[in-house]
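Have a look at the structure below, then the notes.
Remember, predicted model here, so these are calculated numbers, not experimental data.
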Amino acid sequence: MFLADCQARLAFDLLANTWNAVVVWGLRHGPRRPGELREQIGGISPKVLTETLRRLEFNGLVARRAYAEAPPRVEYELTELGRTLLGPIGTFGEWAFAHAEDVLAAQDRWEDAVESP
């Protein structure tokens with residue numbers, strides 16, 4: 001049973017956000033500047049990336065490092081806790097790769113059934 005205060009629900013909430021897992025996966029090879037991360041990910045706005053990085057930092061999954069340079073430089077990297085999510089995210093990605101066509105076919109069947117009562 002998944003209660004409101006269940007620890008498993010915390011994990012589901014962390015992965016439920018569209019960009020959390022994508023950004024964690026994008027940081028798997030080491031520190032990245034926000035611009036590099038946006039290029040690597042694609043399709044994410046600077047605002048959404050910033051919000052996602054702050055949320056991940058709040059949850060202890062990402063660390064922010066600011067350098068006292070001109071112009072200022074900031075990098076983000078996974079914490080030890082954030083690295084523990086790479087295995088589950090990778091497994092979920094493998095599932096998606098193996099079953100994406102099945103899910104899309106089910107969506108098509110559902111849409112066809114709804115459109116032709």
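- In this structure the side chain of Trp19 reaches within 4.5 angstrom of the side chain of Ile41, judged on heavy atoms.
- Look at Glu77 and Arg32 and you find no salt bridge, because none of the NZ, NE, NH1 or NH2 atoms lies under 4.0 Å from a carboxylate O.
- Expressed to the nearest 0.5 Å, how far NZ of Lys47 lies from OG1 of Thr52 amounts to 10.5 Å.
- The shortest heavy-atom contact between Asp102 and Ala98 is OD2-O, 4.3 Å.
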I would like to know whether Tyr76 and Glu57 meet side-chain hydrogen bond (donor to acceptor under 3.5 Å, both in side chains); could you show each step before the answer?
CA-CA 9 Å; Tyr76 291 89; Glu57 186 178 13; 5.3 Å; no
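- Ion pairing between a basic and an acidic side chain is recognised when a charged N comes within 4.0 Å of a carboxylate O; Arg73 and Glu75 show such pairing.
- Using a 4.5 Å cut-off on side-chain heavy atoms (C-beta onward), Val24 and Leu78 make contact.
- At most 12 non-hydrogen atoms from other residues, nucleotides or ligands lie less than 6.0 angstrom from CD of Glu80.
- Taking CD from Glu101 and CZ from Phe97, the interatomic distance works out to 8.5 Å, rounded to the nearest 0.5 Å.
- Here the NE2-CD distance, from His99 to Glu94, works out to 10.5 Å after rounding to the nearest 0.5 Å.
- Within a 6.0 Å sphere centred on OH of Tyr67, other residues, nucleotides and ligands contribute more than 12 heavy atoms.
- Residue Arg38 holds its CZ atom at 9.0 Å from OG1 of Thr50, rounded to the nearest 0.5 Å.
- Ion pairing between Arg55 and Glu51 fails under the 4.0 Å rule for side-chain N and carboxylate O.
- Nearest heavy atoms, Ile44 versus Val48: CG1-CG1, 3.8 Å.
- Taken from CH2 in Trp110 to CD in Glu115, the straight-line distance is 9.0 Å, to the nearest 0.5 Å.
- Residue Leu53 comes nearest to Val23 through the heavy atom pair CD2-CG1, 3.7 Å, listed as atom of the first residue, atom of the second, then distance.
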Please walk me through it: do Leu86 and Arg83 pass side-chain contact (heavy atoms from CB on, under 4.5 Å)?
CA-CA 5 Å; Leu86 293 175; Arg83 289 194 128 343; 3.2 Å; yes
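- Here the shortest heavy-atom pairing between Leu15 and Ala21 reads CD2-CB, 4.0 Å.
- Closest approach of Val62 and Thr79 over heavy atoms only: C-CG2, 3.7 Å.
- Between Phe92 and Trp95, the angle of the ring planes stays under 30°, which puts this pair in the parallel group of the 30/60° scheme.
- Residues Leu14 and Leu61 form a side-chain contact, since some pair of their non-hydrogen atoms from C-beta on lies under 4.5 Å apart.
- Rounded to the nearest 0.5 angstrom, Leu37 CG and Leu49 CG are separated by 5.0 Å.
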